[in-house]
Every structure is written in C-alpha cells, then in structure tokens.
Amino acid sequence: MKKLFGGIVLCVFVSACANQSRQQSLYEALGQYEGINNITHQLILNIAKDERVKHRYKGVNMSKFKKGMSDYVCAVVEGPCTYGGDNMKLVHAGYNYTNTEFNAIVDDLILAMEQCGIPVPTQNRLLAKLAPTYKDVVYH
C-alpha cells in the first residue's frame, strides 16, 4: 500500500511538472486578440507622443492602422486571425524609414507591452517574431 501511495504521489508530481513546463502559446500569453488590440492601442498612444516618429503618422487612418496591426500581430503569433492587408514590404515602400525610426517604434512597442503588463519573456517572444520584418521596413 505504501508503494502504491508513493507511486500515485510521484505520478501527480510528474503530471503537475509537465503541465507547468508547457509554455503558453504566444497568442494566449499576449491576452489573445483583446490583449493584442490593447497593446496596439497603447502603441498608437506612445507613437503620438514620440518626437522621433510621430510625424510619420500624420494623415494616417489610425483606426485602419490599429485593425491592421492587431490582425497582423495576431496572425504572426499564430492566433486565429487572418491578416488581409498588404505585405510589409509593400506597406512600407517608398517611405525610406531609417534605423533610428525603426528602433523608435520598437521602443514604443516595448513600452506599450510594459504598460499592458506583458512579462519580459513574452515581450521577447513577440519581438523575435516581428524582427524579420526589419528588412521589409528599412531600406539600405
């Protein structure tokens, strides 16, 4: 009986550890679509205050930007969304964004995630997914 009880305790312990080690999907960790939309909203507020880049958004339909950005991030993190906008290269063509401007937007995104309570490891997971778009935004 003692061995049986010990075996049950061991199974429960192993099962609990296995469940804890299962990493939440990035979509879930960001708060699903609502969380992503909140981050995008905060990003827009941060950009509006950022002297380095706010001029780039004059005349931009911000509700369209918010929807497109939220859908894009949702799709990139393998959420149940479909991004229907143009690819990043086409969206940013002709604007001649600089490294400084790209980094400013990344700073604004990091700040938005912090303001929304996203843990740093989750922030890093999202940034890693978005980093490959650099080549489609900044032209050399």
Side-chain angles (χ1 to χ4, degrees):
M1 184 70 162
K2 205 174 189 182
K3 282 186 175 182
L4 178 61
F5 179 72
I8 291 172
V9 170
L10 180 62
C11 285
V12 170
F13 178 74
V14 169
S15 175
C17 289
N19 286 337
Q20 285 182 341
S21 69
R22 179 193 160 272
Q23 190 175 39
Q24 215 178 19
S25 76
L26 185 50
Y27 176 72
E28 292 168 344
L30 291 170
Q32 301 182 352
Y33 193 83
E34 182 180 353
I36 292 167
N37 202 44
N38 290 339
I39 293 166
T40 302
H41 178 78
Q42 190 60 55
L43 171 63
I44 290 167
L45 296 176
N46 294 346
I47 288 169
K49 297 174 191 170
D50 190 336
E51 296 296 331
R52 300 171 295 176
V53 291
K54 72 181 188 178
H55 64 280
R56 288 290 196 164
Y57 292 85
K58 289 226 186 275
V60 171
N61 178 335
M62 293 313 279
S63 61
K64 182 179 177 184
F65 173 83
K66 182 179 179 185
K67 172 91 170 96
M69 180 73 172
S70 294
D71 288 351
Y72 179 75
V73 170
C74 181
V76 165
V77 300
E78 300 173 9
C81 307
T82 303
Y83 172 69
D86 293 326
N87 69 49
M88 291 300 107
K89 192 170 208 148
L90 188 56
V91 168
H92 297 96
Y95 289 101
N96 299 315
Y97 291 107
T98 66
N99 289 322
T100 301
E101 290 170 324
F102 183 88
N103 291 335
I105 298 297
V106 172
D107 289 345
D108 292 337
L109 175 58
I110 291 168
L111 179 58
M113 289 189 287
E114 288 173 357
Q115 292 166 321
C116 291
I118 304 298
V120 171
T122 303
Q123 293 178 32
N124 290 338
R125 289 171 63 197
L126 176 58
L127 294 171
K129 290 276 192 179
L130 296 175
T133 63
Y134 171 84
K135 68 184 179 351
D136 296 331
V137 176
V138 178
Y139 299 101
H140 299 281

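Below, all heavy atoms of this structure are taken into account, side chains as well, without hydrogens, waters or symmetry copies.
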- [ ] Sequence neighbours left out, what pairs pass disulfide bond (SG atoms under 2.5 Å apart) with at least one residue falling in residues 53-91?
- [x] C74-C81
Open item on the list: Would you compute the distance between atom OG1 of T100 and atom CD1 of I105 and round it to the nearest 0.5 angstrom?
Closed with: 12.0 Å
Open item on the list: Could you measure the distance from the CG atom of L30 to the CG atom of N37? Nearest 0.5 Å is fine.
Closed with: 12.0 Å
Task: Expected output: side-chain E28 to main-chain S25 donor-acceptor under 3.5 Å - done: yes
Open item on the list: To the closest 0.5 Å, what do you measure between CZ (R56) and OH (Y95)?
Closed with: 9.0 Å
Open item on the list: When you group the ILVMFWY residues by side-chain heavy-atom contacts below 4.5 Å and let the links chain together, are I110 and Y134 in the same group?
Closed with: yes
- [ ] Measure the CE-CG distance between M88 and D136 for me, rounded to the nearest 0.5 Å.
- [x] 8.0 Å
Task: Hydrophobic cluster identity match, L45 and V60, side-chain contacts under 4.5 Å - done: no
- [ ] Considering non-hydrogen atoms only, spot the tightest contact between N96 and E101 and give its length.
- [x] O-OE1, 4.2 Å
TODO: Verify side chain to side chain contact (heavy atoms under 4.5 Å, CB included) between Y27 and E78, making sure each step is shown before the conclusion.
DONE: CA-CA 7 Å; Y27 176 72; E78 300 173 9; over 6 Å; no
Open item on the list: Within this structure, what is the CG-CD1 distance for the pair L126 and I39, rounded to the nearest 0.5 Å?
Closed with: 7.0 Å
Open item on the list: Starting from L111, can I reach V53 by hopping between I/L/V/M/F/W/Y residues whose side chains sit under 4.5 Å apart?
Closed with: no
Task: Ring center gap for Y57 and F65 short of 6.0 angstrom - done: yes
Task: Inter- and intrachain pairs under side chain to side chain donor-acceptor pair (under 3.5 Å), touching residues 116-126, at least two apart - done: none
- [ ] Assess whether atom NE2 of H41 is packed by more than 12 heavy atoms of other residues, nucleotides or ligands within 6.0 Å.
- [x] no
Open item on the list: Can you give me the closest heavy-atom contact between K66 and I44, atom names plus distance?
Closed with: CB-CD1, 3.6 Å
Open item on the list: Applying side-chain hydrogen bond (donor to acceptor under 3.5 Å, both in side chains) to N38 and T40, what does each step give before you reach the verdict?
Closed with: CA-CA 5 Å; N38 290 339; T40 302; over 6 Å; no
Open item on the list: Using the side-chain hydrogen bond (donor to acceptor under 3.5 Å, both in side chains) criterion, which residues pair with D107? Sequence neighbours excluded.
Closed with: R52
TODO: Tell me, yes or no, whether the heavy-atom count around Q24 atom CD, taken from other residues, nucleotides or ligands under 6.0 Å, exceeds 12.
DONE: yes
Open item on the list: Is any side-chain heavy atom of Q42 closer than 4.5 Å to one of M113?
Closed with: no
Open item on the list: Show the nearest heavy-atom pair for residues L43 and L109, with the distance to one decimal.
Closed with: CD1-N, 3.5 Å
Task: T133 side-chain N/O to L130 backbone N/O, donor-acceptor pair under 3.5 Å - done: yes
Open item on the list: Go through it in stages, so that I can follow the logic: the residues are Q115 and N46, the test is side-chain hydrogen bond (donor to acceptor under 3.5 Å, both in side chains), and I'd like the CA-CA distance, side-chain angles, deciding distance and then a yes or no.
Closed with: CA-CA 10 Å; Q115 292 166 321; N46 294 346; 2.9 Å; yes
Task: Gap separating the OH atom of Y72 from the NZ atom of K67, nearest 0.5 angstrom - done: 15.5 Å
- [ ] Keeping the roles fixed (side chain from Y83, backbone from D86), state whether a donor-acceptor pair exists under 3.5 Å.
- [x] yes
